[in-house]
Novice: 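Below is the structure I would like to discuss, written out as structure tokens.
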Amino acid sequence: MKYTGVCTILCLLCISSGCTSVRFNEREQLSRSDMQFDAPALSSDLTNQIYQAREGASGVFSGGGGGGCGCY
Amino acid sequence: MLLRQVSLPAGSTSGVCLLISYLLVVMLLGPKVNAEPTADELDDLFAVRGIIYEQNDGADDSGGNVYIDEDASIQEGIVLLRKRVNDSHAVQAKFTGVIVTAASWDNARLKAETISGATTDDHGRLSWDLGWLYKNSQGFSGSIHATYGTEYTYRTEGVNIAVGQVFDEGSTALGFKLTAYDDRVRNIRFDGQEFEQETRETYTTDFSLIQSINAYSHVNLSWTHTEQEGFLATSYNAVRANATFDYERVPQSRSRDTLSVRYKRALTRDSYQLGYGRYWDSWGIDSDVLEGRYYFNLYDNRLSMQTSVRYYKQSAANFYGIDFDQPQLLQTSDSDLGRFTGTSAGVLLAFYNPQRLWGFLHTYELGFNYYQRGDGLDLYWLTFGWSFR
């Protein structure tokens, strides 16, 4: 399973690296605040923290688990 | 069912009504504006966030672990302060305070006080995070954070180092993050017995790639790997074995991996995001997550609404069980490690006020999320926030 996952992400990296470059002056839509991943940041942090406390998984759409317990 | 469960603390309803009234007046009477400018990561920022969280264990504690009352209430507040030092540097401080009311927690705490005389007056968690941020004109960014947190029976110290580089006029962004936590655990068991203090170490690496596909869409790929060593059980968790209750026992190490992919596309005024995540670990848990988000620009670039739906499915840990015939070498009945599905939906309203207040642009947010787990454990949380920059 571990090797399958690594192979999957390597394939995705290869595919995405072939994407067309978007020039700086063409990035107006991509620069919009609603087009940023995990915006607004603090709200995303809070929500991901809850998912990590109530699910066996961690790090899905966020940067991994933290310290402490968070179990109740 | 949902309406019955939602009950806000006294006084908060009038506060929310006042806030909504104020936002409507400013929105309708204010001048037309351009879209909210995207914040530079180093810009001055003062942000406050709050969360009210309720967890319902169903009738007769039938949700999650049937032998444990898993009802819980949590109120959490976060204050974030960031100050730009010069063109390339900024410093940041974040403080978090949490108040927890949980039946299982209180039960263990009271028993611990009664039987072992342990000092357990702490009902919550306090933590701080101090950081230094750097960014230059060549597209390189970096940050270092130090964190410290303390909660009932736990104390944690952590460090986080992140670097990133933007290539090809912003079309490609690569990021790497290393996080390390060192926890100290007071090992107070559910029956009040207190054993020697235990340790837990957590190391996490994150690799992230954001790649533009065209002028309207981009994709985010990430791989997170975590290694944990030490006391990984929840000290006050109990397991029913041979008609009596025993301690939870789990392996001393855990290896965890997550692969995520997210796609985001801009429409004329709105945008949407689709995501999929795959998780697996050395305890035998596999999970899949599907998520969709739609971002509505409701009014004149000032009022926006983000809606989200999420589906989660996980398998149980190898040593999970509700009832054991005999005590096992490894055993847990923690419902978070069991097999279940989870469906959640949320909405987040954000209001951007272009008129400066005390010299700052300000944004208000109000969010609500509801999560229904297939094993009968339901939870919802309300978030609210203010940002000044």
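Below, chains carry the letters A, B, ... as their sequence lines are ordered, and counting in each starts from 1.
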Novice: Looking only at atom types and distance, does a side-chain atom of B:K264 sit under 3.5 Å from a main-chain N or O of A:L30, one as donor and one as acceptor?
Specialist: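 No.
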
Novice: Using heavy-atom distances under 4.5 Å, tell me whether B:L232 contacts chain A through its side chain, its backbone, both, or neither.
Specialist: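 No part of it gets close to chain A.
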
Novice: Which bit of B:E76 comes within less than 4.5 Å of chain A, counting heavy atoms only: side chain, backbone, both or neither?
Specialist: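 For B:E76, the side chain is the part near chain A, not the backbone.
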
Novice: Within a 6.0 Å radius of atom CD on A:E28, are there more than 12 heavy atoms belonging to other residues, nucleotides or ligands?
Specialist: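 Check fails, neighbour count at 12 or below.
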
Novice: Atom CZ of A:R54 and atom OG of B:S344: how far apart are they, to the nearest 0.5 Å?
Specialist: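 These two atoms lie 14.0 Å from each other.
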
Novice: In terms of heavy-atom proximity below 4.5 Å to chain A, should B:T172 be classed as side chain, backbone, both, or neither?
Specialist: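 For B:T172, no heavy atom lies under 4.5 Å from chain A.
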
Novice: Checking heavy atoms, do the side chain of B:R184, its backbone, both or neither come under 4.5 Å from chain A?
Specialist: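 Contact with chain A involves no heavy atom of B:R184 at all.
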
Novice: Heavy-atom count check: over 12 atoms from other residues, nucleotides or ligands less than 6.0 Å from B:Y216 OH?
Specialist: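 No, because the 6.0 Å sphere around OH of B:Y216 holds 12 heavy atoms or fewer from other groups.
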
Novice: Between CD of A:Q36 and NE2 of B:H218, what distance do you get to the nearest 0.5 Å?
Specialist: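 If we round to the nearest 0.5 Å, A:Q36:CD and B:H218:NE2 are 6.0 Å apart.
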
Novice: So how far is it from B:L337 CG to A:E55 CD, rounded to the nearest 0.5 Å?
Specialist: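 Going from CG on B:L337 over to CD on A:E55, the span is 12.0 Å.
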
Novice: Pick one of side chain, backbone, both or neither for A:R27, based on which atoms fall under 4.5 Å of a heavy atom in chain B.
Specialist: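 Looking at A:R27, just its side chain touches chain B.
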
Novice: Considering only heavy atoms from C-beta outward, does the side chain of A:V22 approach that of B:E169 to under 4.5 Å?
Specialist: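 No, every pair of side-chain atoms sits at 4.5 Å or beyond.
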
Novice: Checking A:D34 against B:N297 for the side-chain contact (heavy atoms from CB on, under 4.5 Å) test, could you report, in this order, the C-alpha distance in whole Å, the side-chain angles of both residues, the deciding distance, and whether it holds?
Specialist: CA-CA 9 Å; A:D34 62 300; B:N297 180 0; over 6 Å; no

Novice: Would you say B:I51 and A:Q49 make side-chain contact, with heavy atoms under 4.5 Å?
Specialist: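 They are not in side-chain contact.
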
Novice: Check each atom of B:R339 against the heavy atoms of chain A and say whether the ones under 4.5 Å are side chain, backbone, both or neither.
Specialist: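 When you check distances to chain A, no heavy atom of B:R339 falls under 4.5 Å.
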
Novice: Side chains of B:I74 and A:I50: does their closest heavy-atom pair fall under 4.5 Å?
Specialist: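 No, side chains not in contact.
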
Novice: Which residue in the set B:L259, B:T224, B:V289, B:D288 passes side chain to side chain contact (heavy atoms under 4.5 Å, CB included) when paired with A:V60?
Specialist: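 Exactly one pass, corresponding to B:V289.
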
Novice: With a 4.5 Å cut-off on heavy-atom pairs, point out which of B:Y272, B:F167, B:Y276 contacts chain A the most.
Specialist: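 Top count of heavy-atom pairs under 4.5 Å with chain A: B:Y276.
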
Novice: Which bit of B:Y312 comes within less than 4.5 Å of chain A, counting heavy atoms only: side chain, backbone, both or neither?
Specialist: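 Looking at B:Y312, just its side chain touches chain A.
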
Novice: Rounded to the nearest 0.5 Å, how far does CZ of A:F37 lie from OG of B:S260?
Specialist: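 Here the rounded value is 11.5 Å.
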
Novice: Around atom CZ of B:R269, are there more than 12 heavy atoms of other residues, nucleotides or ligands at under 6.0 Å?
Specialist: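 Yes, CZ of B:R269 has more than 12 neighbouring heavy atoms, counting only those of other groups under 6.0 Å.
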
Novice: With a 4.5 angstrom heavy-atom cut-off, which part of B:T268 approaches chain A: side chain, backbone, both or neither?
Specialist: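 Interface part for B:T268: backbone (N, CA, C, O).
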
Novice: Please round to the nearest 0.5 Å and tell me the distance separating atom OG of A:S58 and atom CG of B:D257.
Specialist: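 Output value for this atom pair is 9.5 Å.
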
Novice: Name the region of B:S127, side chain, backbone, both or neither, that has any atom closer than 4.5 Å to a heavy atom of chain A.
Specialist: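 The answer is neither part of B:S127.
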
Novice: Is the backbone N or O of B:A215 less than 3.5 Å from a side-chain atom of A:Q29, with the two atoms forming a donor-acceptor pair by type?
Specialist: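 It does not hold such a pair.
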
Novice: What part of B:R373 gets closer than 4.5 Å to chain A, counting heavy atoms only: side chain, backbone, both or neither?
Specialist: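 The answer is the side chain of B:R373.
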
Novice: Students often mix this up, so state it plainly: with edges at 30° and 60°, are the rings of B:Y371 and A:Y51 parallel, tilted or perpendicular?
Specialist: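 It falls in the tilted class, 30° to 60°.
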
Novice: Report yes or no: does A:R32 contribute a side-chain atom to a donor-acceptor pair with the main-chain N or O of B:D270 at less than 3.5 Å?
Specialist: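 At least one qualifying donor-acceptor pair exists.
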
